[in-house]
Each structure stands twice: as structure tokens, then as C-alpha cells.
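Here's the structure, in C-alpha cells; my notes come after.
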Amino acid sequence: MRADTSLSQSNAEPISLWDHSSEEPAYANPNARESRVDVAIVGGGYTGLSTALHGALKGLSCHVLEAAEVGHGGSGRNVGLVNAGLWLPPQQVEHLLGKTHGGALVRTLGEMPDYVFSLIEHHQIRCEATRAGTIHAAHAASGLRDLEARAAGWQALGAPVRLLSAEETAEKTGTVKFHGGLLDARAGTINPMGYVRGLARAARAAGAEISTQTKVLSLQKDGADWKVETDRGVITAGRVVLATNAYSADLWPKLAQSFTPIHFFQLATAPLGAEASAILPEGQGLWDTGKIMFSLRRDRAGRLIIGSMGSVVGGTAGLSRRWAERKLRRLFPDLGRLDFEDAWHGQIAFTPDHLFRIHRLDEGLYAPVGYNGRGITTGTLFGRALADLFAGAPEESLPLPISDLVPDRGRAVKTQLYRSAFLAKQAAESIL
């Protein structure tokens, strides 16, 4: 069994199952040098690499500066669900942003799984892409009522979503524990590290530079340009993107104060083979409607990957492993012996209203943030939109209006409350 691959480990060790199971090879190039570029991008995840790819395709010189390795943050640690939309139902997005902006955003996000899978196809990204949809499963009768409202909202927009009965959900998931589900045919699953590495490969082929193991130390305005000081030299850029999302910290401290960080942990079993063939047999990914949600999916090798909100405790041999085993046995009592190969967690940026933001921190300095667990599609979208902006598109063409940087009041208290609640639930469900 592998050791707990948590955030504190060195860069040489795998950070998740996806790190060592990705068919796309890791990319290492600690070779930043003093130069001038159109766009300097801090962070080698979905947002940064999408910005670099789309910018380079538009003729912009782009340089991605990554402190660790490509995909080291949330892009290499998430569940790998390519979902349409936001955390919120579409009607609530329209209520919060207004019919014009909210409606346009909902429509755009509804189209983003198609776009992600088209990038995967066009650039032949090896990431176990499976286009079978996702299932939002009702953990209780209240959860089913929520899904009924979501289904009505999406169906009014013509989206290919379908409410499943309890019996249909059992057939598609392999367990009778759910009250129903919402099947979204637009969505799918990927190896998330494979996707982000594939974006890096495509960006390099388009002419973008990517420097790993390169820490950005400071940003200084210099006339119309920015001086981006790294531990390997100074990059001069016309524009800068802080593409760090939940991993934003010291470089622009007020940015990190605008959201509440939470962890999401996962454990992966050894490949199970035929004994698990009835579990998610069509290949959908699943998450439930619980306030402290859990997720479940399979990978191409036949592993079950199960996770929930919170941090890994004890790796593959401690509390989190006991939680995972008991959860799986309650869902699938006929499962035989379960061995767990990997345990890891990543970080999510939660905003108070569960909407993401695009901030203009200064002239020529942009920071998208607050993906609320929807980074694959959102990061890809924001990278494309920022590249369009830098190539001459009007600011009004961004997916949503630029917003002021406002602190998330009570962030420290909420962070501690979330951690305590997640740990308590993990502990309780590991013994029930």
C-alpha cells in the first residue's frame, strides 16, 4: 500500500492516484530565465495552462510559472468529474447574477463539458475520458426534492438531464441506498492529472513556455508592465494572471482572504475486477446531496475511488481508511476484501454565495478564484476567456463581470468549523 500522499509530502512523491496512473507523462522544466512576454501566468493548473494554450494559439507569448509541478494543486487531486454548471442550481444563479449575466453563464457552463472533451479529442490527451454522464444521488427524501427542482431548472433550458427513480438509480449505481438521482448526460469523468498534463503538452506545442519548480516571490508594477520576480530570475510581462485559486497565499494575501478553503479527501481501492462489475457499470461518476457530500467513481483499472469533505487522517491504514471501508460496505454489502492503495486530499476555494469570481487586482493583473469544486470546466473556461481578453476581446465578453475583492467575513471561524464538522462525520461514519 502507498503512504498517505498529502499536501505536506515532497514533490518527488506521487500526490494522488492520478499522479502515478496518468498515461500523460509528468513535465519538469525548472528553466525560467529573464525575458519579456505578453502574459505571465502564476500556477500550472487548469486555469493557467488553459490561458497559456489559448493565448499561444492567438499569437500571444505566454509563460507559466509553477512553484512545484504541473497539476500539483487541486488540478491533480480532484475527483475527475467533468460537470456542467456550478454548485448552485441554474435558477439560483440567475437570481444572484440577474437574468442576462446569470442566464448567459449557465448556458456557457452547460456547454463546457463538450468543450473540455473536444480539447481532449483534438489534442489526443490521454486521460481516461469517459462520456457516460454523472449522477447526483439523493441521500434522503429532502435530497430528492432538491434534485427535482434542479431537473426542472435544467430541463427548462433544454439540457439533457433526467430524474432517475430509486429503482433506476439502483440499477445504475449498484446500491439501493439512494432515493433517486439526477443523470446529466453532458458530463463525464477523466483522470484529472492526465488532463492537466495534456493541456501542458498542448500549450508547449502551441509555443507557450512552462517553468516548473519556479516560485514567484513578488509582483511589481513597472509602468505599463509587471515585473514578476521568481527564484530563478525576473520575467517582464504586459499582463499577469494569478491562476492559483484555492492555493492562493502570500503572493497577494487579500486574494486568499476572499474565500474559505476546505479539503476534500479520497481513497482508492486496489483494482477489484469482476466482483465490482455491478457498481457504476456504465462508468458514471457520482456525488450525493448530503450537506457533507461524498463522491464515488471507478477508474479504467477497476479501482473504486471514494471521497468526502475533509482531510485524510491516517492515510491508507487509519481513520479515513476505516471510513472508506465502512461506507463502501454499507453501500455494497456483497463486496469482498478491500485493499486500499492510495489516500490523498486537495483544497477547494468556497465562496460565501458559491459563485466564482474574476478579480482585476490592478491594471493588467487578473485573478479568477472560488471554483467551489468545479475546477475542470471552470478553469478551462476562465483560461480561454482571459486569453480572448488579452487578444483584444472586450471585458464584457468575460463569463461574468469583474468583481471587487471582498474579504470572506468569518473565514477563520468557518475554516475551523468546517474542519471540525468534517472530522466528526468521518469519525462517526467509521464506526457506525
Side-chain angles (χ1 to χ4, degrees), residues 27 29 31-67 70-71 73 75 108 111-112 115-116 118-120 122-123 125 195-212 214 216 219 221 224-228 230 233-245 248 251-252 356-369 371 375-400 402:
Y27 172 75
N29 180 36
N31 193 32
R33 62 189 185 279
E34 294 197 5
S35 62
R36 194 203 184 284
V37 294
D38 295 320
V39 187
I41 301 156
V42 184
Y46 302 132
T47 306
L49 292 165
S50 177
T51 305
L53 169 61
H54 291 96
L57 290 172
K58 290 180 177 295
L60 300 172
S61 56
C62 301
H63 196 152
V64 178
L65 304 162
E66 166 57 49
V70 164
S75 298
T108 299
E111 298 164 356
M112 279 311 293
Y115 188 70
V116 167
S118 74
L119 285 178
I120 291 169
H122 179 74
H123 297 289
I125 297 175
Y195 177 55
V196 74
R197 288 177 178 171
L199 287 178
R201 174 169 56 78
R204 296 199 314 277
E209 290 188 79
I210 302 171
S211 294
T212 59
T214 303
V216 176
L219 300 171
K221 198 80 169 72
D225 289 331
W226 284 89
K227 296 294 186 182
V228 184
T230 80
V234 177
I235 308 295
T236 302
R239 294 181 177 90
V240 176
V241 178
L242 296 186
T244 46
N245 194 30
S248 302
L251 190 59
W252 205 274
F356 39 62
R357 317 272 195 266
I358 299 178
H359 298 300
R360 186 176 55 241
L361 303 175
D362 202 330
E363 190 63 33
L365 176 61
Y366 293 84
V369 75
Y371 296 173
I376 294 173
T377 48
T378 306
T380 304
L381 168 63
F382 280 3
R384 183 183 71 180
L386 287 170
D388 288 344
L389 178 70
F390 302 155
E395 202 168 83
E396 292 74 25
S397 67
L398 290 171
L400 74 171
I402 295 288

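For reference, positions follow the sequence shown, starting with 1.
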**Q.** pair Lys58-Asp388: side-chain heavy atoms closer than 4.5 Å
**A.** yes
Q: Would you check if Asp362 and Leu219 make a side-chain contact, meaning some heavy-atom pair closer than 4.5 Å?
A: no
Q) Considering all heavy atoms of both residues, which atom of Pro399 and which atom of Ile358 are nearest to each other, and what is their separation? A) CD-CD1, 4.0 Å
**Q.** Identified side chain to side chain contact (heavy atoms under 4.5 Å, CB included) counterpart of Leu53 within the set Leu49, Thr51, Leu57
**A.** Leu57
Q.
Students often mix this up, so state it plainly: with edges at 30° and 60°, are the rings of Tyr195 and Tyr46 parallel, tilted or perpendicular?
A. tilted
Q) Is it the case that more than 12 heavy atoms not belonging to Arg33 sit under 6.0 Å from its CZ atom? A) no
Q) Could you give the distance from CD1 (Ile41) to CD (Glu209), rounded to the nearest 0.5 Å? A) 11.0 Å
Q: Considering non-hydrogen atoms only, spot the tightest contact between Val196 and Gly71 and give its length.
A: CG1-CA, 3.8 Å
**Q.** From CA spacing to verdict: side-chain contact (heavy atoms from CB on, under 4.5 Å), Leu251, Thr244
**A.** CA-CA 10 Å; Leu251 190 59; Thr244 46; over 6 Å; no
Q: Flag the pair Ser248 / Leu242 as yes when at least one side-chain heavy-atom distance between them is below 4.5 Å, and no otherwise.
A: no
Q: Go through the steps to decide whether Val70 and Ile210 satisfy the test side-chain contact (heavy atoms from CB on, under 4.5 Å), and finish with yes or no.
A: CA-CA 9 Å; Val70 164; Ile210 302 171; 4.2 Å; yes
**Q.** For Gly45 against Ser75, the heavy-atom pair lying closest together
**A.** CA-OG, 3.4 Å
Q) Any side-chain heavy-atom pair from Phe390 and Asp38 closer than 4.5 angstrom? A) no
Q.
Under a plain distance cut-off of 3.5 Å, with no hydrogens placed, do Thr212 and Asn29 share a side-chain donor-acceptor pair?
A. no
Q. For Leu389, which of Glu395, Arg239, Glu396 qualifies under side chain to side chain contact (heavy atoms under 4.5 Å, CB included)?
A. Glu395
(Q) My understanding is that only residues two or more places apart in sequence, or in another chain, count here; which of them pass side chain to side chain donor-acceptor pair (under 3.5 Å) with His54? (A) Ser50, Tyr115
**Q.** Nearest heavy atoms of Arg360 and Tyr366, plus distance in Å
**A.** CD-OH, 3.7 Å
Q) Looking only at atom types and distance, does a side-chain atom of Trp226 sit under 3.5 Å from a main-chain N or O of Glu363, one as donor and one as acceptor? A) yes
**Q.** Minimum heavy-atom distance Phe356-Leu400, with the two atoms named
**A.** O-CD1, 3.4 Å
Q. Is a donor on one side and an acceptor on the other found under 3.5 Å between the side chain of Thr378 and the backbone of Gly375?
A. no
Q) Does the pair Val369 and His359 meet the rule for a side-chain contact (heavy atoms from CB on, under 4.5 Å), with working shown? A) CA-CA 8 Å; Val369 75; His359 298 300; 3.7 Å; yes
Q.
I need the Ile120 CD1 to Thr380 OG1 distance, nearest 0.5 Å.
A. 8.5 Å
Q: Test side-chain contact (heavy atoms from CB on, under 4.5 Å) on Cys62 and Val37 and set out the steps.
A: CA-CA 6 Å; Cys62 301; Val37 294; over 6 Å; no
(Q) If I compare all heavy atoms of Ser35 with all of His63, which pair ends up nearest, and what's the gap? (A) OG-ND1, 4.3 Å
